[in-house]
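Numbers here simply count residues along the sequence, with the first being 1. All values below were derived from every heavy atom in this structure, side-chain atoms included, with hydrogens, water molecules and symmetry-related copies excluded.
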Amino acid sequence: EQNMLHAAYYAIKGVQSGVYTAYYYLGELYFQGAYLPSNMAFAKYCFEQVIKEVDSVFDLSEYNEKEEFLTILKRKRKKQ
C-alpha cells in the first residue's frame, strides 16, 4: 500500500511537471479506485491527455472504456 501511495505521489508530480506518461499511471490509479478514490471522469481525462500527446489529431469522442484506450495506445506505440 505504501508503494502505491508513493506511485500516486510521483504520478501527480509528473503530471504537474508536464510528463505525459504520468497521466497514464494517474489515470490507472483513479480507474482502479484502490488507492485513490475511483473517479472515472478524471481517469478518462488522464487517458485522453496521453492519447492527445501520442496523436494530437486522434478523435477520442467515440471511445469511452479504458480497454479501448489501452488498445489504441498499444497500436500507436507499435506504429512508432
Side-chain angles (χ1 to χ4, degrees):
E1 186 174 316
Q2 189 68 19
N3 288 341
M4 292 306 290
L5 293 176
H6 279 90
Y9 171 80
Y10 286 110
I12 291 168
K13 286 293 187 186
V15 165
Q16 291 171 340
S17 299
V19 179
Y20 81 91
T21 53
Y23 274 107
Y24 170 79
Y25 295 108
L26 191 58
E28 186 66 32
L29 290 170
Y30 277 105
F31 182 84
Q32 291 177 10
Y35 300 97
L36 295 173
S38 181
N39 185 334
M40 294 302 176
F42 189 71
K44 180 180 177 184
Y45 170 79
C46 289
F47 294 135
E48 287 172 340
Q49 298 313 301
V50 174
I51 291 172
K52 260 195 247 178
E53 186 67 30
V54 172
D55 184 358
S56 60
V57 181
F58 187 75
D59 179 12
L60 188 64
S61 62
E62 62 188 274
Y63 299 97
N64 58 13
E65 296 295 329
K66 177 193 165 217
E67 291 305 316
E68 293 178 58
F69 294 145
L70 298 179
T71 301
I72 292 161
L73 286 174
K74 287 175 188 173
R75 273 192 243 133
K76 294 290 181 185
R77 274 193 218 134
K78 285 181 183 178
K79 289 181 182 179
Q80 293 179 349

Next on the checklist: Once side chain to side chain contact (heavy atoms under 4.5 Å, CB included) is applied, do any residues pair with F42, and if so which ones, sequence neighbours excluded?
Outcome noted: L26, Y30, N39, Y45, C46

Item to check | Taking every non-hydrogen atom, the tightest pair across V50 and Y24 | outcome: CG2-N, 3.4 Å

Item to check | Within-4.5 Å side-chain heavy-atom neighbours: E28 and F47 | outcome: yes

Item to check | By side chain to side chain contact (heavy atoms under 4.5 Å, CB included) - contacts of A8 (at least two apart) | outcome: L29, L36

Checklist entry - How far apart are the closest heavy atoms of A22 and A11, and which atoms are they? => result CB-O, 3.5 Å

